[in-house]
Asks: 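Please see the structure below; I have some questions.
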Number of protein chains: 2
Amino acid sequence: MDEPGWLDAQEDRAWRGYRRMRRLLDLELARELMQDAGLSEPDYDVLSDLSETPEQRLRLSELADRMLWSRSRLSHHISRMQQRGLVTREVCATDGRGSVVVLTPAGRQAVEAAAPGHAAAVRRHLIDRLTPAEVAALGTLSQRVIDHLTGRPTARSEAED
Amino acid sequence: MDEPGWLDAQEDRAWRGYRRMRRLLDLELARELMQDAGLSEPDYDVLSDLSETPEQRLRLSELADRMLWSRSRLSHHISRMQQRGLVTREVCATDGRGSVVVLTPAGRQAVEAAAPGHAAAVRRHLIDRLTPAEVAALGTLSQRVIDHLTGRPTARSEAED
DNA sequence: GCAGTTTGGTTGACATGTCATCGATCGGCT
DNA sequence: AGCCGATCGATGACATGTCAACCAAACTGC
C-alpha cells in the first residue's frame, strides 16, 4: 500500500492529543504529589516498586529494569533518596558486586501516606474522565505498543507489516 | 473498607500500560530522532512549532505556552539552540521587553530533514499498532482529559461527577 | 587455579530542567 | 506626565538525567 509519510487528520489529532495529555497529566500529578506527600514522581515510582515486593527490597539492576531506567540514573537517584532516609543500600549476599535497595520504615511510611492520594489523583484526572470502554482500549492499545517495542510479536488485527 | 480511590484490575492495567508505553515510546523515538537527525525531542518540538507558523517566528512566551514549558526553560533551551545556529532571537517590535524566536534557514532545513523520518517512526511504533477505532478513541479520550485539566467543561458520557 | 572477558554498580563531567530573583518595560491610573 | 503593579525574559544556583570511564567481582575456557 502507499508508503505512509504523514499522519492524516485523525491520526494527527490522536498524536498531538496524546502528547498534550501526557504533559498536562504529568504536570498536575507531579504537582499534587509534591504538595501532598513531598515526593517527586520518580521518588514515588521507586518507593512504589519496592513496596510491591514481598521483602521490600530489590537488586539495583532489577529495579532499574522494571523502571526502564539506566543503572546510572537509578544509582544517583538512590543516593539522593538514601540521604533523605527513604531507602538504604545493602551488599548482595549472592553476588559481591551487587547492591540491594531496601525500603526503610520511613520510606514505607512515605509511600503508604502518598499512595491513596496519588491513586485518587490518577482516578480524578484520568480514569474518571474515560468511559469503561476507553479504559479497556487504553489498556489493550498500550500493551500492543509495548509488545511491539519490546520485540514481542503481536497481531494488531490481521497482519503484521 | 476499600477506598473509592483505588484502581481496579482493569484500570490498573490501563494506567501501568499507559506509563510503560509512554516510556518505551519516548526512548525509541528519541533514539531514532537523535540518530537520524541529530535532534532531541525538545529540539524537534521547538523547531516543529516554529515551522508551523506562517512567519517562522513566535514570541518566546507564545511558544512557551504552546509547548507547556516554563519561560525559563524555553529561554535556556533557545540559548542552546541559538549556539547551534538553529534559531535566532530578535527584539519584539511591538513590545520592548519581548523577544521573538526565529527559525534560521539551517533550523528550517533541520526540521524538514527530520520530519518525514520522525513521522514515519510515530506511525511505525504507535499509529500502525492501533486499529482505526483505537486511534479515534485515543484522540477523543486525550481531548477529554486535556479539557478537564485545563478547566474546560466537558461531558464524559452524560454527567460530570 | 588463572588470565581474559563480561557484568554490576559507582563515579565525575557534563547536559538539561527547575526555581527564585532581577532589570526592564508596559499599562493603568491619577 | 509620573507612579505603581504586573508582565517579559534573562540569569544563576541548584536538582536531576545522561554518558563514558572505571573498579571489583563473577564467569569462561584452558
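This one's a predicted model, so the numbers in the text were calculated from it and none came from an experiment. Reminder, nothing fancy here: chain letters follow the sequence lines and each chain counts from 1. Side-chain atoms are counted along with the backbone in the values below, which use heavy atoms only and exclude waters and symmetry mates.
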Asks: Tell me whether the side-chain N/O atoms of A:Ser61 come closer than 4.0 Å to OP1 or OP2 in C:dG9.
Replies: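 For C:dG9, OP1 or OP2 has a side-chain N or O of A:Ser61 closer than 4.0 Å.
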Asks: Compare the minimum distances between each of C:dG9, D:dG17, D:dC8 and the side chain of A:Pro42, then state the nucleotide with the smallest one.
Replies: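 Output: D:dG17.
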Asks: Report the relative orientation of the aromatic rings in A:His77 and A:Trp69; use parallel for angles under 30°, tilted for 30 to 60°, perpendicular for over 60°.
Replies: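 A:His77 and A:Trp69: perpendicular rings.
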Asks: Give a yes/no on whether any side-chain N or O of A:Ser70 is located under 4.0 angstrom from OP1 or OP2 of D:dC19.
Replies: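 No, because none of the side-chain N or O atoms of A:Ser70 sits under 4.0 Å from OP1 or OP2 of D:dC19.
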Asks: Send over the distance from A:Ile78 CD1 to C:dG8 P, rounded to a whole Å.
Replies: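 Going from CD1 in A:Ile78 over to P in C:dG8 covers 17 Å.
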Asks: What class does the angle between the rings of B:His125 and A:His148 fall in, given that below 30° is parallel, 30 to 60° is tilted and above 60° is perpendicular?
Replies: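 B:His125 and A:His148: tilted rings.
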Asks: Within the pair A:Arg73 and D:dG17, is there a side-chain N or O less than 4.0 Å away from OP1 or OP2?
Replies: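 Answer yes for this pair, as a side-chain N or O of A:Arg73 is under 4.0 Å from OP1 or OP2.
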Asks: Do B:Glu52 and A:Arg16 sit within salt-bridge range, that is, some charged N less than 4.0 Å from a carboxylate O?
Replies: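 Looking at B:Glu52 and A:Arg16, the cut-off is met.
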Asks: Checking A:Arg71 side chain against A:Leu60 main chain: does a donor-acceptor pair fall under 3.5 Å?
Replies: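 No: the side chain of A:Arg71 does not pair with the backbone of A:Leu60.
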Asks: At under 4.0 Å between heavy atoms, what does B:Ser72 touch on the DNA or RNA strands: base, sugar-phosphate, or nothing?
Replies: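 Touches a base.
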Asks: Return the value, rounded to whole Å, for the distance between atom CG of A:Leu27 and atom P of C:dC19.
Replies: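 Rounded to the whole Å, the gap is 10 Å.
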Asks: What is the distance from CG of B:Leu74 to P of D:dT7, rounded to the nearest Å?
Replies: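 Going from B:Leu74 (CG) to D:dT7 (P), I get 19 Å.
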Asks: Take atom CG of B:Leu68 and atom C1' of C:dG17, then tell me their distance rounded to the nearest Å.
Replies: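 Value for this atom pair: 15 Å.
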Asks: Check the distance between D:dG9's P and B:His77's NE2 and give it to me in whole angstrom.
Replies: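 Whole-Å distance recorded here is 17 Å.
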Asks: State which of C:dG17, D:dA25, D:dG9 makes the closest approach to the side chain of B:Arg80.
Replies: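 For the B:Arg80 side chain, the nearest candidate turns out to be C:dG17.
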Asks: In this structure, how many angstroms lie between the P atom of C:dT18 and the CH2 atom of B:Trp69, rounded?
Replies: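 For the pair B:Trp69 CH2 and C:dT18 P, the rounded distance is 9 Å.
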Asks: Could you work out which one of D:dA26, D:dT18, C:dA24 sits closest to the side chain of A:His76?
Replies: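 Of all the options, the side chain of A:His76 is nearest to D:dT18.
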Asks: When you get a sec, tell me which of C:dT11, D:dG12, C:dT25 is the closest nucleotide to the side chain of B:Asp95?
Replies: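 When the side chain of B:Asp95 is considered, C:dT25 is the closest of C:dT11, D:dG12, C:dT25.
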Asks: OP1 or OP2 of D:dG9 less than 4.0 angstrom from a side-chain nitrogen or oxygen of B:Arg89, does that happen here?
Replies: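 Checking D:dG9 against B:Arg89, no side-chain N or O comes under 4.0 Å of OP1 or OP2.
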Asks: Whole Å only: how far is the CD atom of A:Glu90 from the P atom of C:dG9?
Replies: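 Rounding to the nearest Å, CD of A:Glu90 and P of C:dG9 are 14 Å apart.
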Asks: Would one find a side-chain N or O of B:Ser75 under 4.0 angstrom from OP1 or OP2 of D:dA10?
Replies: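 Result: yes.
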Asks: Check this one for me: any side-chain N or O of A:Arg71 less than 4.0 Å away from OP1 or OP2 of C:dG9?
Replies: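 So the side-chain polar atoms of A:Arg71 do come within 4.0 Å of the phosphate oxygens OP1 or OP2 of C:dG9, strictly under.
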Asks: Over how many whole Å does the gap from A:Met81 atom CE to D:dT16 atom C1' extend?
Replies: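 Nearest whole value for this atom pair: 14 Å.
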Asks: Answer yes when B:Glu134 and A:Arg144 have at least one side-chain N-carboxylate O distance shorter than 4.0 Å, and no when they do not.
Replies: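 Salt bridge present between B:Glu134 and A:Arg144.
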